[in-house]
Visitor: 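Just dropping this structure here.
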Amino acid sequence: MHITVICVGKIKEKFFTAAVEEYKKRLSRYCRLDIVEVVDEKTPDKASPVLEEQIRRKEGERILRNVREDAYKITLEIAGEMPDSEELSGKLEKLGITGISHIQFIIGGSLGLSGEVLAVSDYRLSFSRMTFPHQLMRVILLEQLYRSYRIMKGEPYHK
């Protein structure tokens, strides 16, 4: 399986970078993983709704340049489905069994995803109704992918 994580912005904190690198190493036993970072837009304090929408669209255009038509696209969004770890593992396993060989996970910036990006989503995934920094969300996603593969293989980890 080929997994691509498309995300807005770079990771700035060393502890997040270290966690991402650790999970990339762990996941290399199970899948091919690519992380694509697109440039984020600066959002001024108290930005108007119109400016916020313009920012989401600009970031969305950058995301869409990296989206592959032949990939199964999963957007991370608060309003998405909230499977538990076993259910997520089962979904990923089922996608592989049905012939899906490339999954793209899409993480938006601080303002979320544009309507254009949401429109190409095959599955909307939420880890919580809470809001997380998008840098931390990358770590959480990679940890859950690792956990999913361990569950699929019947290996201990998911307790």
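Quick caveat: nothing in here was measured; it's all calculated off a predicted structure.
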Visitor: Hey, could you give me the CD1/CG distance between Ile6 and Leu113, rounded to the nearest 0.5 Å?
Guide: 10.5 Å
Visitor: Could you give all pairs that pass the ring-ring contact (aromatic ring centres under 6.0 Å, His included) test and reach residues 70-90, with sequence neighbours left out?
Guide: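 Residue pairs with at least one partner in residues 70-90: there are none.
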Visitor: Under the salt bridge (charged side-chain N to carboxylate O under 4.0 Å, His left out) rule, what pairs show up with a residue in residues 105-117, not counting sequence neighbours?
Guide: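 The answer is Arg57-Glu116.
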Visitor: Among pairs that include at least one residue of residues 79-99, which meet ring-ring contact (aromatic ring centres under 6.0 Å, His included), considering only residues two or more places apart or in two chains?
Guide: none
Visitor: Enumerate the salt bridge (charged side-chain N to carboxylate O under 4.0 Å, His left out) contacts for residues 16-27, please, sequence neighbours excluded, ordered by first and then second residue.
Guide: Glu21-Lys24, Glu22-Lys25, Glu22-Arg26
Visitor: Does any pair with a residue in residues 119-129 pass salt bridge (charged side-chain N to carboxylate O under 4.0 Å, His left out), and if so which ones, sequence neighbours excluded?
Guide: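 Counting only pairs at least two positions apart or across chains, the salt bridge (charged side-chain N to carboxylate O under 4.0 Å, His left out) contacts touching residues 119-129 are Lys73-Asp122, Glu77-Arg124.
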Visitor: Tell me, please, which residues at least two apart from Glu143 pass side chain to side chain donor-acceptor pair (under 3.5 Å).
Guide: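 For Glu143, the residues satisfying side chain to side chain donor-acceptor pair (under 3.5 Å) (neighbours in sequence not counted) are Arg147, Tyr157.
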Visitor: Which salt bridge (charged side-chain N to carboxylate O under 4.0 Å, His left out) pairs, counting each pair once, include a residue from residues 87-104, with sequence neighbours left out?
Guide: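 Sorted pair list comes back empty.
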Visitor: Would you compute the distance between atom SG of Cys31 and atom OH of Tyr146 and round it to the nearest 0.5 angstrom?
Guide: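 Output value for this atom pair is 11.5 Å.
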Visitor: Show me the side-chain donor-acceptor pairs of residues 102-111 shorter than 3.5 Å, one per line, residues at least two apart or across chains.
Guide:
from   : atom 1 : to    : atom 2 : distance (Å)
His102 : NE2    : Thr4  : OG1    : 2.8
Gln104 : OE1    : Arg68 : N      : 2.9
Gln104 : NE2    : Asn66 : O      : 3.0

Visitor: Of all heavy-atom pairs between Leu145 and Leu27, which one has the smallest distance, and what is that distance?
Guide: C-CD2, 3.8 Å
Visitor: Treat each ILVMFWY residue as a node, draw an edge where side-chain heavy atoms are under 4.5 Å apart, and state whether Leu125 and Tyr23 are in one component.
Guide: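 Leu125 clusters together with Tyr23.
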Visitor: Just distance, no hydrogens or angles: give the donor-acceptor pairs under 3.5 Å from side chains in residues 44-55, sequence neighbours left out.
Guide:
from  : atom 1 : to    : atom 2 : distance (Å)
Ser48 : OG     : Leu51 : N      : 3.1
Glu53 : OE1    : Arg56 : NE     : 3.3
Glu53 : OE1    : Arg56 : NH2    : 3.0

Visitor: State yes or no: do Val20 and Phe127 share one hydrophobic cluster built from I, L, V, M, F, W and Y residues joined by side-chain heavy-atom distances below 4.5 Å, directly or via other members?
Guide: yes
Visitor: Ignoring hydrogens and angles, write down the donor-acceptor pairs under 3.5 Å from the side chains of residues 32-40, residues two or more places apart or on other chains.
Guide:
from  : atom 1 : to     : atom 2 : distance (Å)
Arg32 : NH2    : Asp34  : OD2    : 3.4
Asp34 : OD2    : His2   : NE2    : 2.6
Glu37 : OE1    : Lys10  : NZ     : 3.3
Glu37 : OE2    : Arg138 : NH1    : 2.7

Visitor: Which residues pass the salt bridge (charged side-chain N to carboxylate O under 4.0 Å, His left out) test with Glu13, not counting sequence neighbours?
Guide: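 Applying salt bridge (charged side-chain N to carboxylate O under 4.0 Å, His left out) to Glu13 gives none.
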Visitor: What is the minimum heavy-atom distance between Ser126 and Gly80, and which atoms define it?
Guide: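 Looks like CB-O, 3.5 Å.
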Visitor: Check whether any side-chain heavy atom of Ser101 lies under 4.5 Å from a side-chain heavy atom of Asp70, and answer yes or no.
Guide: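 Sidechains of Asp70 and Ser101: no contact.
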Visitor: Which atoms form the tightest heavy-atom contact between Leu136 and Phe16, and what is the distance?
Guide: CD1-CE2, 3.6 Å
Visitor: With a cut-off of 6.0 Å (strictly less than), are more than 12 heavy atoms of other residues, nucleotides or ligands near NZ of Lys12?
Guide: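 Enclosed: over 12 neighbouring heavy atoms sit under 6.0 Å from NZ of Lys12.
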Visitor: Calculate, to the nearest 0.5 Å, the distance between atoms CG and CD1 belonging to Leu95 and Ile74 respectively.
Guide: 6.0 Å
Visitor: Give the cluster check for Leu88 versus Val139: same hydrophobic cluster or not, with ILVMFWY residues linked at side-chain heavy-atom distances below 4.5 Å.
Guide: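 In one cluster: yes.
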Visitor: Rounded to the nearest 0.5 Å, how far apart are CD of Gln135 and SG of Cys7?
Guide: 9.5 Å
Visitor: Applying ring pair (Phe, Tyr, Trp, His ring centres under 6.0 Å), name anything that partners Tyr30, two or more places apart in sequence or on another chain.
Guide: Tyr149
Visitor: Could you please spell out the steps behind the side chain to side chain contact (heavy atoms under 4.5 Å, CB included) verdict for Arg29 and Lys153?
Guide: CA-CA 11 Å; Arg29 294 181 51 213; Lys153 302 294 184 185; over 6 Å; no
Visitor: If Ile, Leu, Val, Met, Phe, Trp and Tyr residues are connected whenever their side-chain heavy atoms lie under 4.5 Å apart, and connections chain through other members, are Val5 and Val8 in the same group?
Guide: no
Visitor: Is the backbone of Gln144 close enough, under 3.5 Å, to the side chain of Ser148 for a donor and an acceptor to pair up by distance?
Guide: yes
Visitor: Nearest 0.5 angstrom please: Tyr123 OH to Leu76 CG, how far?
Guide: 10.0 Å
Visitor: Decide yes or no for Val67 and Leu64: does some side-chain heavy atom of the first lie under 4.5 Å from some side-chain heavy atom of the second?
Guide: yes
Visitor: If you group Ile, Leu, Val, Met, Phe, Trp and Tyr by side-chain heavy-atom gaps below 4.5 Å, do Ile151 and Ile97 land in one group?
Guide: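 Cluster IDs for Ile151 and Ile97 differ.
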